[in-house]
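Worth knowing before you read on, the calculation uses all heavy atoms, side chains too, and leaves out hydrogens, waters and symmetry mates. Residues take their numbers from the sequence shown, with the count starting at 1. Atoms within a ligand are numbered from 1 in the order they appear, just like the ligands themselves.
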Amino acid sequence: MRIVAATNNVNKVREIKKIFEPLGFEVVSQHEAGIDVDVEETGRTFERNALLKARAVAMLCDDCVMADDSGLCVEALDGRPGVYSARYAGEGASDAQKIEKLLGEMKDEKNRRAKFVTSMAFIFPDGREIVTKGEVNGRIIDKPEGENGFGYDPVFYCPELGKTFAQADDDEKNSVSHRGRALKALYGELKQVVGDK
Ligand code: IMP
């Protein structure tokens with residue numbers, strides 16, 4: 001079964017391929033499928049935005065489509081940046097700028113608890129939809145550690161791994177991450193609908 005991953009984020013596509021390809025699915029990125037669309041994330045929830053992205057790409061192809069919407073929710077910031085994680089430091093800001101803004105807001109803050117959240121939407125060519133969710137708890141450290149991953153990974157310490165997401169390799173991150181968990185939940189649901197691949 002071919003699945004188009006509705007994202008232009010190469011890191012996300014790499015993580016999705018790592019989990020789904022060994023299970024027998026062919027995963028291609030939106031770019032590899034020749035689809036050029038940039039969906040405005042106007043929803044106020046991760047689920048809404050994941051569905052917006054998946055539906056926009058599903059209209060343009062005959063394959064299965066999956067899209068995730070993810071973000072970092074920091075307890076001391078009342079759940080911000082949340083669905084605005086990508087635009088937290090302004091449109092087009094670099095990961096380093098986002099991290100700098102976050103560490104600025106968290107300066108002197110004792111409560112460092114945070115979680116990454118993903119909603120994963122999947123649409124079959126006949127229009128049926130599945131949405132799953134994944135979360136991982138952690139805390140925001142006060143300076144970046146590690147070179148891997150993307151986004152807020154260098155400042156997200158994951159107690160389950162004993163290191164930041166940026167210090168983990170892809171397999172380690174996928175084994176506990178929000179996206180990894182949402183993908184595994186999706187695989188569980190897909191197995192019930194289409195059987196083992
Ligand atoms: P979106 O799901 O493409 O809207 O991305 C939301 C933003 O959340 C990304 O641009 C990253 O800054 C952040 N983000 C989402 N997933 C991760 C992750 O696994 N690690 C670090 N940052 C992430």
Quiz item: Would you call Glu47-Lys133 a salt bridge at under 4.0 Å N-O?
Solution: no
Self-check item: Closest protein heavy atom to atom 3 (O) of ligand 1, given as residue, atom name and distance to 0.1 Å
Solution: Lys12 NZ, 2.7 Å
Exercise. Tell me, with the steps shown, if Thr132 and Tyr187 meet side chain to side chain contact (heavy atoms under 4.5 Å, CB included).
Key: CA-CA 10 Å; Thr132 60; Tyr187 177 63; over 6 Å; no
Practice problem: With rounding to the nearest 0.5 Å, note down the distance linking OG1 in Thr45 to CZ in Arg48. | Solution: 7.0 Å
Exercise. Would you mind checking which non-hydrogen protein atom is closest to atom 19 (O) of ligand 1, with the distance to 0.1 Å?
Key: Lys173 NZ, 2.8 Å
Exercise. Report the nearest protein non-hydrogen atom to atom 20 (N) of ligand 1: residue, atom name, distance rounded to 0.1 Å.
Key: Asp153 OD1, 2.6 Å
Quiz prompt | Glu189 backbone acceptor or donor facing Gln192 side chain under 3.5 Å | solution = no
Quiz item: Is a side-chain N or O of Asp153 found less than 3.5 angstrom from the main chain of Phe150, in a donor-acceptor match?
Solution: yes
Quiz prompt | Nearest neighbour in protein (non-hydrogen) for atom 16 (N) of ligand 1 | solution = Arg179 NH2, 2.6 Å
Quiz item: In ligand 1, which numbered atoms sit nearer than 4.0 Å to a non-hydrogen atom of Lys98?
Solution: 10 (O), 12 (O)
Quiz prompt | Per-atom contacts, ligand 1 versus His178 - under 4.0 Å to a heavy atom | solution = 16 (N), 17 (C), 18 (C), 19 (O)
Practice problem: Identify which of Tyr152, Tyr84, Phe46 has a heavy atom lying nearest to atom 13 (C) of ligand 1. | Solution: Tyr152
Practice problem: Please report which non-hydrogen protein atom sits nearest to atom 8 (O) of ligand 1, along with the residue it belongs to and the distance in Å to one decimal place. | Solution: Ser85 CB, 3.3 Å
Quiz prompt | Residue portion contacting ligand 1 (non-hydrogen atoms closer than 4.0 Å) for Lys53 | solution = side chain
Quiz item: Is the closest heavy atom of Phe116 to ligand 1 under 4.0 Å?
Solution: yes
Quiz item: Any idea which heavy atoms bring Arg179 and Ser70 closest together, and the distance?
Solution: NH2-OG, 3.4 Å
Using distance only, find each side-chain donor-acceptor pair of residues 135-145 under 3.5 Å and give its atom names and separation, not counting sequence neighbours.
unit_1	atom_1	unit_2	atom_2	d
Lys143	NZ	Glu145	OE2	3.0

Quiz item: Can you list the ligand 1 atoms lying under 4.0 Å from a non-hydrogen atom of Gly151?
Solution: 12 (O), 21 (C), 22 (N)
Quiz item: Any idea which of Ala86, Ser119, Pro154 brings a heavy atom closest to atom 9 (C) of ligand 1?
Solution: Ala86
Practice problem: Would you name the heavy atoms of Lys163 and Tyr157 that are closest together and state the gap between them? | Solution: N-CE1, 3.5 Å
Quiz prompt | Structural part of Phe150 in contact with ligand 1, heavy atom criterion under 4.0 angstrom | solution = both
Practice problem: Check whether any side-chain heavy atom of His31 lies under 4.5 Å from a side-chain heavy atom of Val10, and answer yes or no. | Solution: no
Exercise. For Asp69, take its heavy atoms, then give the atoms of ligand 1 lying under 4.0 Å from any of them.
Key: 1 (P), 2 (O), 4 (O)
Quiz item: Taking only residues two or more places apart in sequence or in another chain, which ones pass ring-ring contact (aromatic ring centres under 6.0 Å, His included) with Phe20?
Solution: Phe25
Practice problem: List the closest protein heavy-atom neighbour of atom 6 (C) of ligand 1: residue, atom name, distance to the nearest 0.1 Å. | Solution: Ser70 O, 3.0 Å
Practice problem: Go through ligand 1 atom by atom and flag the ones less than 4.0 Å from a non-hydrogen atom of Glu41. | Solution: 4 (O)
Quiz item: Using 4.0 Å as the upper bound for N to carboxylate O, is an ion pair formed by Asp95 and Lys98?
Solution: yes
Quiz item: Is there any N or O on Asp95 that sits under 3.5 Å from an N or O of ligand 1?
Solution: no
Quiz item: Which is it for Glu15 and ligand 1 at heavy atoms under 4.0 Å: side chain, backbone, both or neither?
Solution: neither
